[in-house]
Amino acid sequence: MSVRTRFAPSPTGFLHIGGVRTALFNWLLSRRDGGQFILRIDDTDQQRHVEDAVGLILEGFEWMGMDWDEGPKVGGPHAPYYQSKRGDRYKEAADALVASGHVYRDYSNEAERAADKKEAEYQKRAFRFRGKVNSEEEIAAYDAEGRTYALRFRVPLGRALILQDAIKGPVEQRTDELGDFVIVRPDGSPLYNFASVVDDADMQITHVVRAEEHLANTFSQLLVFEALGYPLPTFAHVPYVAAPGSKKKLSKRDGAVGLDEFINEGYLPVAMMNYLAKIGWSYDASTEVFSRADLIEKFSLDKVNSSPASHDPDKLFWLQGEWMKTLTIEEKVEKTAPYVANMQAWIDWNSRRKLPDFRSEGVLPFLKTPSTEPPPPQLAAVIEALGDRLKTFCDIIKLGSYFFTEDVHFDPDAVKKRLRKEGVVEILTSLRKIFVEVEPFDVPTLEAAVHTYAEQTSSHMGLVVNALRVATTGQAVGPGLYDCLAILGRDRSLKRIDQALVMLSQPS
RNA sequence: GCUCCCGUCGUCUAGUCUGGUCUAGGACACAGCUUUUUCACAGCUGCAACACGGGUUCGAAUCCCGUCGGGAGUACCA
């Protein structure tokens, strides 16, 4: 039988990178063995806007390039893939368990259970729900009273359950530690530990790879599998992803954790995939860079670490830089063009996300629909000049916005450090005159002209070049100066030198 | 409280099953140097860890016990 894995997200309208990693492990495992990867939506009937939220999730998967063989949009032989629509199946399975005596009706109400719990706490013993055996008369009386009941699984006592976890190894649990658990609420809705077993069995899932927080639940699920007579899948519980530099679980408070934020910043799917695979998984002692194909070929569960790993934005950024180097200028032009065309929209989003009450907005609209407009003519030259400085696509805005605007915005620190210096006004004034006449206005000519000027006046090159850079770009750092000037062109260069001169004539 | 999981440089990890090749290797980050008109890239150098305490052994990161620390579960949440 081929490998069948699944990812079963709750449609919360937000794709956490920790969840994406879990999904990736599932996907990788299925792709490696030529099996199937199933997407199942663990929604509950009460949730609203499920479709919108599912859309956000699918968007993330599509971007990552993790395709699914069965699930929303594509359907499949085990449809429906929404838990809220599988009520009939849960009902069938629950009936079977009632018939086989594995579950019983629990007529208790919340107040009674709370009292029992309190009593257990008082006696300093662990509370384990154990159903009372109701006589026929009691049941009749409760029904007459109109009392509702939940269906509970009767946990067999005195057994030791052993889970052979593919990541954690063998984990043992005595059934005496498990309380009888509810599988169906009085209103007929199923609970996770039950529904997920029915779904996994129905969908013939062979490998359940999920977050570690489910490890303890697995023992209850094992019992359900057994009672229903379903074959057991292989379980693998992956450790949670911790916040940067900590051992606490990664949460929304710890900076960007939504996949959409990385998409909007212009990360590469392959870099994200490489990074996510590397948190908590390693192939050997030294390989860091893995392509999609490498990952599919080399991934295995036994190399997944059993201890939690923390999210490391620096490492992601570095990997992104590595993958960025593999792109051609044309590819970079295509990917950065939307940012240039929607600069203000991106800047607005970027400031919004820094607000404390920021809520995930999904992928920015202009990144979803490719623009039909041709990219600005200088874009390729700007990218060429930026070289390896361009790490993510939004860097075109962070690093090169001045190439696409008419006026400059001077960075105060840069002005202070490079322009408010002895002799700078004379240098700029002289160079301005030279730039009016220099022909052609290109890199070699410009370079020669500036060099000649510096030699003739015995000016220090660093002083000249840095002053010119800040005067024309407003920034202290950037691509080579002559590249900047040539891209800016004569008119804008002169205009900006004038602007700088005006500014310098005023006291700081 | 009880049950279970986890514990190697600041971070991600190799090594743990099958004790010696580990005076613990690689990567990110950081610091310094080289190159450079700035930054980035590249190259070099440096910094830095076996949670703690016992035990077994000629020998322990590796095996055993305990302690401490972190996490999960203990729901009519998922």
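Each chain gets a letter, A, B and so on, in the order its sequence line appears, and its residues count up from 1.
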A:His214-A:Phe235 aromatic ring centre distance below 6.0 Å:
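No - the distance between ring centres of A:His214 and A:Phe235 does not fall below the 6.0 Å cut-off.
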
Determine whether the aromatic ring centres of A:Tyr275 and A:Tyr267 lie less than 6.0 Å apart.
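Between A:Tyr267 and A:Tyr275, which both carry aromatic rings, the centre distance is not below 6.0 Å.
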
Taking for each residue the nucleotide of RNA chain B bearing the nearest heavy atom, is the 5' side occupied by A:Glu212 or by A:Met461?
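The answer here is A:Glu212.
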
For A:Pro308 and A:Pro479, find the nucleotide of RNA chain B closest to each by heavy atoms; which residue's nucleotide sits nearer the 5' end?
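Final value for this comparison: A:Pro308.
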
Phosphate-side-chain proximity, [X] and [N], N/O vs OP1/OP2 below 4.0 Å:
| X | N | result |
| --- | --- | --- |
| A:Thr287 | B:G26 | no |
| A:Ser282 | B:A14 | yes |
| A:Lys398 | B:A40 | no |
| A:Arg418 | B:U38 | no |
| A:Lys325 | B:A40 | no |
| A:Arg185 | B:C77 | yes |
| A:Asn305 | B:A14 | yes |

Separation between the [atom1] atoms of [N] and [M], rounded to whole Å:
| N | M | atom1 | result |
| --- | --- | --- | --- |
| B:U21 | B:U62 | P | 13 Å |
| B:C47 | B:A24 | C1' | 16 Å |
| B:G15 | B:C63 | P | 13 Å |
| B:U23 | B:U18 | C1' | 24 Å |

Under a 3.5 Å limit for both distances, which nucleotide forms a Watson-Crick or G-U wobble pair with [N], could you say?
| N | answer |
| --- | --- |
| B:G1 | B:U74 |
| B:U37 | none |
| B:C63 | B:G55 |
| B:C22 | none |
| B:C30 | B:G46 |

Candidate nucleotides B:U11, B:A27, B:C41, ranked by approach to the side chain of A:Glu288 - the nearest
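Nearest nucleotide to the side chain: B:A27.
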
[N] base / [X] side chain donor-acceptor hit below 3.5 Å:
| X | N | result |
| --- | --- | --- |
| A:Asn217 | B:A78 | yes |
| A:Lys315 | B:A27 | yes |
| A:Arg469 | B:U37 | yes |

Hey, can you tell me if A:His16 and A:Phe14 have their rings parallel, tilted or perpendicular (30° and 60° cut-offs)?
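It falls in the perpendicular class, over 60°.
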
Identify the two heavy atoms, one from A:Lys85 and one from A:Pro80, that lie closest to each other, and give their separation to 0.1 Å.
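It is O-CG, 3.4 Å.
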
Using a heavy-atom cut-off of under 4.0 Å over every strand shown, decide if [X] touches base, sugar-phosphate, or nothing.
| X | result |
| --- | --- |
| A:Gln475 | nothing |
| A:Ala216 | sugar-phosphate |
| A:Pro239 | nothing |

Starting at CZ of A:Phe410, measure out to CG of A:Leu419 and round the result to the nearest 0.5 Å.
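A:Phe410 atom CZ to A:Leu419 atom CG measures 7.0 Å (nearest 0.5 Å).
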
Worked verdict on A:Tyr81 versus A:Trp68 for ring pair (Phe, Tyr, Trp, His ring centres under 6.0 Å):
CA-CA 12 Å; A:Tyr81 292 90; A:Trp68 57 102; over 10 Å; no

